[in-house]
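Here is the naming used below: chain letters follow the sequence lines, and residue numbers restart at 1 for every chain.
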Amino acid sequence: MTTQDLIIGHYEETLTETQQAELDSLLENSPEAQTLFEQHGVIEESMKKESEELVPPFGLREATLGAALATAVETIGGGIAAWLSSKIAITVTTVIVGGAAVGLGIALSGDDEVGQDQKTPVEMTTEMNVNNNVIDASANDNEGTNSPSAVSTDNYRSLSTSETPTTAATEPQTQRDISAVDAAESKDLQIDFNFERDAPAVIEQTRVEGANN
Amino acid sequence: MSNSNNLTPLSDEDLMSRFQEGSDDAFVELYDRYNRRLYGYCVQMLKDKEFAEDLFQEIFIRVARKRHHFQGGNFSGWLFAIARNQCLNTLRDAVSHTSLDDVGVLRAPDQELYDETGEILKQAIEKLSPEMKEALVLRVYSEFSYQEIAEITEAKLATVKVRIHRAKLRLHDLLTPYFADRYSKQSSTI
């Protein structure tokens, strides 16, 4: 151990009795050792003095405790809020999912009941067009006119699935036109049916069939 | 926020347990026990009082927020582990360590003995390596034992002893020009 090691050990209070005796001997007989001892003493004393003077400012206590304890309260409040939020979210989700499941179940059971009437969009559109033709043709017939332009205009105005023909007179025409559509679907769904051109003939045919019946 | 005297006999760990159960007074007591040591650590490590005060406050806020993370054991070690992490993060962001080559620039300002030594000493402590400085600060300014410092810094006991010993040797080396200057002044006045 060097002299400085012994001196530092002395101030750290880690020396054994033997080491302390060795240091005491050195300090008695060596001016250099005494100088070193004093210098380390000044360092130790300065550090101790500074340590004692390092005290938090008065205002810092209140500010720190206030902020820290507020944080603690926020944490508790936040925890409760988070717990409640999670419970509410679970409840709402359950209700939505449950409702959707019930709704889906009803829809599926409803589909089974009306499944026989289910048609493709092309079929429905074609059927509607045909039906409109029939209705408008009947109307024109009743009024004693058969203007092709009237048929054409009303055709676009009255596109509705509610207008389902129920008379026997329209049935053959409907069936025939659906067959025509089926055939047309195989030709990229292009229906070669011009209302202005074909409607008068259809109307005339309907009238003849009606008269025959 | 007054301190409750009936809490004084309780250990740090008991106080922390009470704080976990909602006792603000227990937290205040812990603050009063550790504020000076923690403040000294913050100031010495950061060397900037404003930074140190912010850090000091942040540490106690963190203790309050993370109180349920403390599950027994040594409270002071846990507290200073938090302080150390916060401090290292701040230092990493804000402070760059000065080269040890700047040793010879230390000179005594014209002040009273301990004041001027204290000023020089602050500069000298800044010249220490981060590990030596931290060990020394925890020893001198936060008054921890070697064993406690070993736990806080996650170092071996022997390593802590060596760091503190070397830190003091280094401080003396750094202050040698100052001492020489001082003794020469004393000699000339005699």
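Remark: B/Lys168 engages A/Glu44 in a salt bridge, criterion side-chain N to carboxylate O under 4.0 Å.
Residue contact with chain A, scored on non-hydrogen atoms closer than 4.5 Å, involves the side chain of B/Leu136 exclusively. Looking at B/Ile164, only its side chain comes within 4.5 Å of chain A, counting heavy atoms on both sides. Heavy atoms of B/Tyr31 lying under 4.5 Å from chain A belong exclusively to its side chain. Only the side chain of B/Leu121 has a heavy atom closer than 4.5 Å to any heavy atom of chain A. Both the backbone and the side chain of B/Val140 come within contact range of chain A, each with at least one heavy atom under 4.5 Å from a heavy atom of that chain. Using a 4.5 Å cut-off between heavy atoms, B/Arg62 makes no contact with chain A at all.
Contact of the B/Glu143 side chain with the A/Ser51 side chain is registered, since non-hydrogen atoms from C-beta on lie closer than 4.5 Å. For the pair A/Ile8 and B/Arg166, the minimum side-chain heavy-atom distance is 4.5 Å or more. Two residues are said to be in side-chain contact when any heavy atoms from C-beta on lie closer than 4.5 Å; A/Glu12 and B/Lys161 fail this criterion. Using a 4.5 Å cut-off on side-chain heavy atoms (C-beta onward), B/Phe60 and A/Leu65 make no contact. At a threshold of 4.5 Å between non-hydrogen side-chain atoms, the residues A/Gln4 and B/Leu169 count as touching. Between A/Thr14 and B/His165, every side-chain heavy-atom pair lies at or beyond the 4.5 Å cut-off. Using a 4.5 Å heavy-atom threshold, the side chains of B/Phe179 and A/Leu36 count as separate.
Annotation: maximal heavy-atom pairing with chain A below 4.5 Å, among B/Gln57, B/Arg139, B/Arg36, B/Gln44, occurs at B/Gln57.
Closest heavy-atom contact between A/Ala68 and B/Ala64: O-CB, 3.2 Å.
Distance CD/A/Glu50 to CD1/B/Ile125: 6.0 Å, rounded to 0.5 Å. Going from atom CG of B/Asp32 over to atom CZ of A/Arg61 covers 4.0 Å, rounded to the nearest 0.5 Å. Rounded to the nearest 0.5 Å, atoms CZ (B/Phe27) and OG1 (A/Thr64) are 8.5 Å apart.
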Discussion item. Applying side-chain contact (heavy atoms from CB on, under 4.5 Å) to B/Leu171 and A/Met47, what does each step give before you reach the verdict?
Written reply: CA-CA 11 Å; B/Leu171 280 183; A/Met47 287 195 294; 4.0 Å; yes

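For residues 19-34 of chain A, a heavy-atom distance under 4.5 Å to chain B picks out no residue at all.
Within the structure, the salt bridge (Lys or Arg N to Asp or Glu O under 4.0 Å) test picks out no pair touching residues 37-58 of chain B (sequence neighbours left out).
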